[in-house]
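To start, the structure itself, in structure tokens.
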Amino acid sequence: MQTRHTNQGFNFDKYPTFEKDIDPKQRAWIEVKGKAIETNVRNLRAKLSKNCQFMAVVKADGYGHDAKVVSDYAIKGGASQLGVATLKEGIKLRSSGVKEPILVLGNLYTKRDLIISFKNDLMPTISSIRECLICNNIGKHYGLKFSLHLKVDTGMSRLGFESDKFVQQFKKIKSFENISIKGIYSHLSSADEDNSLAPQSSTQSQRLKFQELLKQINVDRNHNIKIHLANSAGMLLHKDFHFHMVRVGLSMYGYSPLAKMDKNLSLEPALFLKVKVAFIRTIDQGVRVSYGGKFVSSRKTKLAVLSIGYADGVPRNLSGKINVIHDNKFYSQVGSITMDQMMVDITGSNEIKVGSTMLLLGSEGDKTISPTDWAYQSNTIPWEILCSFKNRLPRVQID
Ligand SMILES: *Cc1c(COP(=O)(O)O)cnc(C)c1O
């Protein structure tokens with residue numbers, strides 16, 4: 001039965017009921033600036049020769065940014081292929097209307113998965129004759145060619161044909177009539193380390209090994225086969241790593257994998273992690289804050305309780321080590337980060353209110369906090385920080 005409640009001019013019935021009606025900016029959320037991705041791709045592409053293609057790596061839901069949004073803007077910026085890690089990620093992109101070639105970087109090894117991959121027009125990464133045979137049989141069954149990329153291991157010891165057997169095996173693979181080799185690639189293990197360009201580095205020896213194999217199988221004349229080796233770091237190191245295509249993740253999102261950043265390249269972070277102040281309290285001197293009482297106030301302290309915690313993907317071991325930004329000022333996070341909330345010392349601020357928005361990652365005014373800062377503080381890498389953000393954080397596109 002409909003009843004009409006009114007109280008001080010409030011019309012209670014006009015308030016929504018459903019999950020979809022919740023404001024995505026009600027608690028904590030990630031804002032994604034698609035234009036930044038587009039600009040980064042354009043600036044990165046300017047480093048490549050005209051014929052070198054740009055594969056936008058959008059695995060792990062576009063490094064936490066939303067794979068569909070990232071793909072659309074990367075394509076606008078000039079990306080011509082997409083890379084995903086899993087079959088599911090690939091299918092999701094295809095069914096969202098992406099038309100560009102999609103390479104699945106992870107290994108698909110069952111007939112079932114390879115058939116699904118074929119039917120969705122996804123290119124699998126192939127690391128063995130056995131997988132090649134399955135693809136060839138699938139192609140034959142449909143009277144078509146199954147497009148795929150071959151991977152060679154040159155020093156990562158992860159996926160890929162063994163480099164010293166590849167030349168022999170490639171002869172056999174060439175005889176398969178129902179596959180179409182669209183690419184041959186390898187992956188660098190250490191391009192982001194200091195001195196990776198030094199002549200004796202493992203990065204250089206991976207490149208040389210790869211080039212030697214390519215020479216032996218004589219693929220340079222076959223222009224349908226894309227040769228690719230570089231991730232972001234490899235791409236930024238030197239042109240020698242570019243070949244026919246680069247596979248770029250981290251730097252497209254606006255972060256450099258290299259300690260020494262190219263001054264002529266500007267990258268703009270696309271991600272902003274924001275949170276609402278849910279509560280404010282003032283505590284006396286000598287009062288314990290959060291689990292374990294690891295922080296004890298040294299003076300009368302005003303605390304803001306923020307609605308975000310480790311269940312949203314903020315690493316718990318950043319407790320007491322990070323700042324948040326409000327109105328171009330830094331405030332320190334204090335006490336243990338809890339599952340869903342964390343506390344910030346806002347003593348002295350009169351502007352911060354319940355419902356105010358604070359910035360955990362991104363730039364505001366002249367202040368910036370980057371996933372690289374968090375990674376450094378929590379002894380990990382920015383890649384892991386970015387893909388730790390959970391689905392509980394709505395992704396909001398902001399162009
Ligand atoms: C993730 C990934 C990349 C992208 O790496 P970035 O360092 O983020 O640029 C490239 N190639 C492969 C095979 C990958 O798995």
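Residues take their numbers from the sequence shown, with the count starting at 1. Read the numbers this way: they start at 1 and go in the same order the structure lists the ligands and their atoms. These numbers were taken from a predicted model, which means no experiment stands behind them.
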Item to complete: Using the ring of F241 (Phe, Tyr or Trp, six-membered ring only), decide whether R207 places NZ or CZ under 6.0 Å from its centre and within 45 degrees of its axis.
Response: yes
Discussion item. For Y73, does the six-membered ring have the charged nitrogen or CZ of K76 within the cation-pi criterion, i.e. under 6.0 angstrom from the centroid and within 45° of the normal?
Written reply: yes
Worksheet item: Do S297 and Q285 have side-chain atoms, one donor and one acceptor, less than 3.5 Å apart?
Response: no
Fill in: N/O donor-acceptor pair under 3.5 Å between Q333 side chain and G320 backbone
yes
Worksheet entry | Electrostatic pair E351:K329 at N-O distance under 4.0 angstrom | yes
Ligand 1: which protein N/O atoms lie under 3.5 Å from its N/O atoms?
unit_1: ligand 1; atom_1: 7 (O); unit_2: W383; atom_2: NE1; d: 3.2
unit_1: ligand 1; atom_1: 8 (O); unit_2: Y63; atom_2: OH; d: 2.5
unit_1: ligand 1; atom_1: 8 (O); unit_2: L250; atom_2: N; d: 2.8
unit_1: ligand 1; atom_1: 8 (O); unit_2: W383; atom_2: NE1; d: 2.9
unit_1: ligand 1; atom_1: 9 (O); unit_2: S232; atom_2: N; d: 2.8
unit_1: ligand 1; atom_1: 9 (O); unit_2: S232; atom_2: OG; d: 2.5
unit_1: ligand 1; atom_1: 9 (O); unit_2: G249; atom_2: N; d: 2.9
unit_1: ligand 1; atom_1: 11 (N); unit_2: R247; atom_2: NE; d: 2.8
unit_1: ligand 1; atom_1: 11 (N); unit_2: R247; atom_2: NH2; d: 3.4
unit_1: ligand 1; atom_1: 15 (O); unit_2: K59; atom_2: NZ; d: 2.6

Worksheet item: Rounded to the nearest 0.5 Å, how far does CG of L103 lie from OG1 of T125?
Response: 4.0 Å
